[in-house]
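Below, all heavy atoms of this structure are taken into account, side chains as well, without hydrogens, waters or symmetry copies.
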Amino acid sequence: MLKRLAGVFLLSAMTCVGVSAQATHAHHVVFVLSSADQDDWHTAMILADHFLAGVKPEPSEVEVLAYGGGIDSLKAGASTAKEIVDLEQLGVHFVACETAMRALHIAKSDLASGVTSVPSGVVELVRKQETGWSYVKVGR
């Protein structure tokens, strides 16, 4: 059910902004999570997967950026580990905010394999937006 709702949401959002199914430019989107809520994480992963499927075969870059409470889902052994690996194989990049990591006493070695980090999640988001990336906030 959640998967179906996420698909409808993504399709509606793409229609509202006038995205053409025939677009030929590269897509750049960052999904941002600051929530530790597992439903929010599940939604973000569904949206990332549906986005890639929706724009295929067009070139795209997709990043899932976590800060605040969202960092826990990027730790090795988290319940999201399998989904992270699956999406990484599709080209999705997972990025953790080092500021939040320090506040929560999480070391880089605590992160799941393949997860990278940036000094500041908010700086990462602003820089991506300044270079044309689309921003999708997931959760609260």
Side-chain angles (χ1 to χ4, degrees):
M1 175 75 170
L2 183 59
K3 204 173 206 178
R4 189 174 305 142
L5 289 173
V8 169
F9 170 75
L10 183 60
L11 181 59
S12 297
M14 289 172 61
T15 303
C16 290
V17 295
V19 174
S20 167
Q22 302 302 319
T24 57
H25 67 283
H27 302 280
H28 307 279
V29 62
V30 57
F31 294 90
V32 177
L33 287 110
S34 59
S35 166
D37 187 310
Q38 292 302 298
D39 287 340
D40 292 342
W41 267 96
H42 189 67
T43 298
M45 294 197 189
I46 288 169
L47 290 173
D49 182 56
H50 287 195
F51 176 80
L52 288 170
V55 299
K56 190 177 182 180
E58 300 162 14
S60 60
E61 287 185 84
V62 176
E63 179 175 296
V64 176
L65 170 65
Y67 53 82
I71 295 293
D72 279 340
S73 292
L74 294 180
K75 290 170 56 177
S79 63
T80 53
K82 169 88 170 79
E83 291 171 297
I84 288 173
V85 169
D86 292 345
L87 287 171
E88 283 177 332
Q89 290 175 351
L90 295 175
V92 176
H93 303 281
F94 290 85
V95 180
C97 169
E98 292 172 11
T99 301
M101 291 170 60
R102 279 190 301 279
L104 298 169
H105 308 289
I106 296 172
K108 288 183 184 181
S109 60
D110 295 329
L111 298 175
S113 178
V115 175
T116 60
S117 64
V118 292
S120 169
V122 71
V123 171
E124 170 80 350
L125 175 59
V126 169
R127 286 185 174 153
K128 289 210 173 297
Q129 286 183 295
E130 289 173 343
T131 61
W133 283 61
S134 296
Y135 163 46
V136 178
K137 170 76 170 139
V138 181
R140 298 177 248 134

**Asked** If we ignore angles and hydrogens, is there a donor and acceptor under 3.5 Å between the side chains of Glu61 and His28?
**Response** yes
**Item:** Any Asp72 side-chain heavy atom under 4.5 Å of Ile106 side chain
**Value:** yes
**Item:** Considering all heavy atoms, the nearest Gly121-Cys97 contact
**Value:** N-SG, 3.2 Å
**Message:** Side-chain heavy atoms nearer than 4.5 Å, only ILVMFWY residues, links allowed to pass through others: does that put Leu104 and Leu33 together?
**Reply:** yes
**Request:** Could you grab the distance from atom CG of Leu65 to atom CZ of Phe94, nearest 0.5 Å is fine?
**Result:** 11.5 Å
**Distance (rounded to the nearest 0.5 Å) between Gln38 CD and Thr80 OG1** = 6.0 Å
**Asked** Taking side chain as C-beta onward, heavy atoms only, is Val64 less than 4.5 Å from Trp41?
**Response** yes
**Complete:** Minimal heavy-atom distance between Lys108 and Ser117, with the atoms involved, is CE-OG, 3.3 Å
**Message:** Under 4.5 Å between side-chain heavy atoms, counting indirect links through other Ile/Leu/Val/Met/Phe/Trp/Tyr residues: same cluster for Val138 and Val115 or not?
**Reply:** yes
**Prompt:** When you look at Met45 and Ile84, which way does the side-chain contact (heavy atoms from CB on, under 4.5 Å) test go after all the steps?
**Reply:** CA-CA 8 Å; Met45 294 197 189; Ile84 288 173; 3.6 Å; yes
**Request:** Considering non-hydrogen atoms only, spot the tightest contact between Met101 and Ala96 and give its length.
**Result:** SD-CB, 3.8 Å
**Message:** If I take atom CG from residue Leu47 and atom NE2 from residue His50, how far apart are they, to the nearest 0.5 angstrom?
**Reply:** 8.0 Å
**Side chains of Val123 and Val118 in contact at under 4.5 Å (non-hydrogen atoms)** = no
**Prompt:** Is there a donor-acceptor contact under 3.5 Å from the side chain of Ser73 to the main chain of Ala36?
**Reply:** no
**Request:** Test Trp133 against Glu63 for side-chain contact (heavy atoms from CB on, under 4.5 Å), laying out the working first.
**Result:** CA-CA 10 Å; Trp133 283 61; Glu63 179 175 296; 4.0 Å; yes
**Message:** According to a hydrophobic-cluster definition based on side-chain heavy atoms being under 4.5 Å apart (Ile, Leu, Val, Met, Phe, Trp, Tyr only), do Leu90 and Val85 belong together?
**Reply:** no
**Request:** Find out whether Glu124 and Val30 are in side-chain contact, i.e. whether some heavy atom of one side chain is under 4.5 Å from a heavy atom of the other.
**Result:** no
**Request:** Measure the shortest side-chain to side-chain distance between Tyr67 and Thr99 over non-hydrogen atoms and say whether it is less than 4.5 angstrom.
**Result:** no
**Message:** Working to the nearest 0.5 angstrom, can you tell me the gap between Lys82 NZ and Leu87 CG?
**Reply:** 9.5 Å
**Request:** To the nearest 0.5 angstrom, please state how far the CG atom of Asp40 sits from the NZ atom of Lys137.
**Result:** 8.0 Å
**Leu52 vs Ser60 side-chain heavy atoms within contact, under 4.5 Å** = yes
**Item:** Pairwise distance OG(Ser134) to CD(Gln129) - rounded to 0.5 angstrom
**Value:** 9.0 Å
**Prompt:** Is there a path from Phe31 to Leu74 through hydrophobic residues (I, L, V, M, F, W, Y) whose side chains come within less than 4.5 Å of each other?
**Reply:** yes
**Message:** Please determine whether residues Val92 and Val95 belong to a single hydrophobic cluster, defined as Ile, Leu, Val, Met, Phe, Trp and Tyr linked transitively by side-chain heavy-atom distances below 4.5 Å.
**Reply:** no
